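Working notes, beginning with the structure itself.
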Amino acid sequence: MEEHWAYVALSADYLHAGHINILNEARKRGKVLLGLLTDNAIANHKRIPSTTYQQRLAVAQSIAGVEKVIPQATFSYRDVLLAHKPKYVVHGDDWKLGTGRGVRAEVIELLEQWGGELIELPYTEGLSSSYIHETLSNGVTATQRLQSLRRLIEHKDIVRVLEVHNGLTGLIVENTHLEDGDRIKEFDCMWESSLTDSTSKGKPDTQAVDNSSRVDTIQQILEVTTKPMIVDGDNGGLIEHFRFFVRTLERLGVSAVIIEDKTGPKRNSLFGVEVDQYQDSMEAFSEKIRQGKAAQVTPDFMIIARIESLILESGMEDALARAEAYIEAGADGIMIHSRSDSPAEILEFASKYHKLPHRVPLVSVPTAYASVSEQQLYEAGFKIVIYANQLIRSAFPAMVSVAESILQHERCEESNKICMPFKTIINMIPET
């Protein structure tokens with residue numbers, strides 16, 4: 001009697017009773033072929049697992065009754081089903097709703113081609129991989145957070161980063177997500193900006209907020225979040241001080257610091273040549289990168305070099321020459337900055353940059369050229385996009401409007417229409 005294959009796909013970090021129930025049902029049908037979704041397959045559709053593919057593979061291969069484990073390289077089952085043509089696919093019925101609906105429909109259509117059958121088991125009430133992941137991730141360690149940005153860069157098409165300046169904005173980045181077809185779209189990482197940090201404290205963006213205050217804010221954000229963080233390090237300060245700042249950030253679990261190749265008093269880059277700003281020499285800034293890399297303890301921490309040549313009108317060739325020099329000095333990423341309202345010059349830079357013999361991940365901050373899409377950036381070769389100040393810019397007019405409404409009406413009822421219910425805010429803040 002011919003023995004059939006029963007296919008089960010697995011993407012979860014942690015096995016629970018619901019998974020065991022599905023695997024037991026598959027074993028009743030025939031030999032179990034377990035498809036383990038790769039990090040790439042998962043990362044571009046929902047949050048990347050906290051464990052690596054190799055760690056999950058070791059677990060999958062040890063499950064009793066699993067005949068064979070294969071990689072499933074996409075969220076879609078198409079390639080593995082066409083390659084193996086199993087008689088059965090076994091899955092929980094929870095994918096009838098939400099992001100799994102399209103994948104489920106595709107599986108049914110494919111199975112019909114060779115007379116296969118979809119076996120669906122009732123969802124195990126009260127158990128969910130997402131819930132377990134959220135519960136366990138409350139205890140994320142500094143090391144786990146530190147390492148996660150490099151994993152995201154490796155496995156995601158483009159890493160989406162949003163500005164934070166206190167614990168509440170950190171929770172917004174942590175919890176905000178949207179369902180889009182078979183994907184869950186969310187922010188992957190936090191950007192702790194010196195501009196929005198100083199603005200939230202009512203101080204100018206001139207490095208008026210010292211590193212001790214910055215570190216205090218960073219710790220408050222890390223305490224209530226689990227996602228990786230990139231810190232805006234301005235120009236890094238004196239080399240001697242930058243070395244200690246690198247050590248501090250790395251110890252806290254920050255994944256990366258971005259430093260700009262400017263010297264002298266801090267001036268916001270978006271003012272360009274309208275104010276006195278000075279670009280550091282290529283040699284001096286390269287040495288700062290080298291010293292910072294020498295100071296870090298682990299290979300996971302990243303120092304990203306921010307090039308100001310286009311901001312200060314030094315030209316495209318100067319920007320490219322600096323990129324080469326900074327990569328040679330050990331930079332783990334290159335951020336090209338522009339204050340043009342068109343993405344043309346950063347796309348031109350990206351095109352020329354990718355012809356260089358040695359390259360590192362490319363970072364975009366589309367504050368000025370806001371019309372550029374993530375797809376355009378990805379196609380141009382960017383790996384990280386940072387939305388650098390939108391939360392504080394949106395909060396300010398809302399708060400001013402509420403204040404004016406209270407003054408005008410001499411009560412707060414009218415302002416309620418633009419205020420979130422306080423219960424909603426309270427429910428977003430974890431008790432532990």
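As the structure is a prediction and not an experimental result, all values here were calculated from the model. Only this structure's heavy atoms are used, side chains among them; waters, hydrogens and symmetry mates stay out.
Summarising the geometry of Leu356 relative to Leu320, their closest heavy-atom pair is CD1-O, 4.3 Å, with the distance given to 0.1 Å. Taking every heavy atom of both residues into account, Lys227 and Arg145 meet most closely at O-NH1, 2.7 Å. The minimum heavy-atom distance linking Ala305 with Ile289 is given by the pair CB-CD1, 3.9 Å. Closest approach of Gly292 and Phe242 over heavy atoms only: CA-CE2, 3.7 Å. When all heavy atoms of Lys288 and Ile259 are compared, the closest pair comes out as CD-CD1, 4.1 Å. Closest of all the heavy-atom pairs between Cys189 and Leu149 is SG-CD1, 4.3 Å.
Listed for the Lys262 side chain is no donor-acceptor partner under 3.5 Å among the backbone atoms of Asp234. A donor-acceptor distance shorter than 3.5 angstrom exists from the side chain of Thr248 to the backbone of Phe244, with no hydrogens or angles considered. Looking at Gln291, its side chain never comes within 3.5 Å of a backbone N or O of Arg243 through a donor-acceptor pair. At distances below 3.5 Å, at least one donor-acceptor pair connects side-chain atoms of Ser255 with backbone N or O atoms of Leu146. Of the possible polar contacts, none joining the Thr176 side chain to the Val173 backbone as a donor-acceptor pair under 3.5 Å is found. The backbone N or O of Ile303 sits less than 3.5 Å from a side-chain atom of Asp332, completing a donor-acceptor pair. A donor-acceptor distance shorter than 3.5 angstrom exists from the side chain of Arg160 to the backbone of Glu186, with no hydrogens or angles considered. Although no hydrogens or angles enter the test, the distance criterion places no donor-acceptor pair under 3.5 Å between the side chain of Ser213 and the main chain of Val209. Although no hydrogens or angles enter the test, the distance criterion places no donor-acceptor pair under 3.5 Å between the side chain of Arg359 and the main chain of Tyr353. Between the side chain of Lys383 and the backbone N or O of Lys156 there is at least one donor-acceptor pair closer than 3.5 Å.
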Derivation and outcome, salt bridge (Lys or Arg N to Asp or Glu O under 4.0 Å), residues Asp300 and Arg150
CA-CA 7 Å; Asp300 302 307; Arg150 286 193 183 271; 5.0 Å; no
Carefully, step by step, assess Glu106 and Arg78 under the rule salt bridge (Lys or Arg N to Asp or Glu O under 4.0 Å).
CA-CA 7 Å; Glu106 182 182 57; Arg78 176 174 293 275; 3.3 Å; yes
Does the pair Glu287 and Arg290 meet the rule for a salt bridge (Lys or Arg N to Asp or Glu O under 4.0 Å), with working shown?
CA-CA 5 Å; Glu287 181 60 21; Arg290 277 191 286 269; 3.1 Å; yes
Would Val360 and Met302 count as a side-chain contact (heavy atoms from CB on, under 4.5 Å) if you check the C-alpha gap in whole Å, the side-chain angles of each, and the deciding distance to 0.1 Å?
CA-CA 11 Å; Val360 290; Met302 300 176 68; over 6 Å; no
Going through the checks in order, is the side-chain contact (heavy atoms from CB on, under 4.5 Å) test met by Gln207 and Asn235?
CA-CA 10 Å; Gln207 288 181 285; Asn235 65 8; 3.9 Å; yes
Before giving the answer on side-chain contact (heavy atoms from CB on, under 4.5 Å), spell out for Thr367 and Arg393 the whole-Å C-alpha distance, their side-chain angles and the decisive distance to 0.1 Å.
CA-CA 11 Å; Thr367 302; Arg393 285 168 53 204; 4.1 Å; yes
For a side-chain contact (heavy atoms from CB on, under 4.5 Å) check, start with the C-alpha distance between Thr143 and Thr298, then their side-chain angles and the critical distance, and finish with the verdict.
CA-CA 10 Å; Thr143 300; Thr298 72; over 6 Å; no
Go through the steps for Glu308 and Arg339 under the test salt bridge (Lys or Arg N to Asp or Glu O under 4.0 Å), then give the verdict.
CA-CA 10 Å; Glu308 297 285 288; Arg339 68 189 191 109; over 6 Å; no
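When each of Asp318, Ile334, Leu312 is tested with Ile307 by the rule side chain to side chain contact (heavy atoms under 4.5 Å, CB included), just one qualifies, namely Ile334.
A salt bridge is absent between Asp232 and Arg214: the closest approach of a Lys/Arg side-chain nitrogen to an acidic carboxylate oxygen does not fall below 4.0 angstrom. A salt bridge links Arg411 to Glu414: one of the charged nitrogens lies within less than 4.0 Å of a carboxylate oxygen.
For Tyr378, the OH atom sits in a loose shell: 12 or fewer heavy atoms of surrounding residues, nucleotides or ligands are nearer than 6.0 Å. Residue Glu328 places its CD atom among 12 or fewer non-hydrogen atoms of other residues, nucleotides or ligands, all under 6.0 Å distant. For NZ of Lys68, the number of neighbouring non-hydrogen atoms (other residues, nucleotides, ligands) closer than 6.0 Å is 12 at most.
Using a 4.5 Å heavy-atom cutoff, the side chains of Phe349 and Ser338 are not in contact. Contact check for Ile392 versus Leu195: no side-chain heavy atoms found under the 4.5 Å cut-off. Side-chain contact between Ser194 and Asp205: present, with at least one pair of heavy atoms (C-beta onward) separated by less than 4.5 Å. The shortest distance between side-chain heavy atoms of Arg322 and Ser314 does not fall below 4.5 Å. Side-chain contact between Glu163 and Tyr387: absent, with no pair of heavy atoms (C-beta onward) separated by less than 4.5 Å. Within the 4.5 Å cutoff, the side chain of His19 has no heavy atoms near those of the Val8 side chain.
Atom-to-atom distance recorded for Ile42:CD1 and Ile184:CD1 is 12.0 Å, nearest 0.5 angstrom. Distance check: Phe396 CZ to Thr199 OG1 gives 9.5 Å after rounding to the nearest 0.5 Å.
Using a 30° and 60° split on the angle between ring planes, Tyr77 and Trp95 fall in the tilted class, from 30° to 60°.
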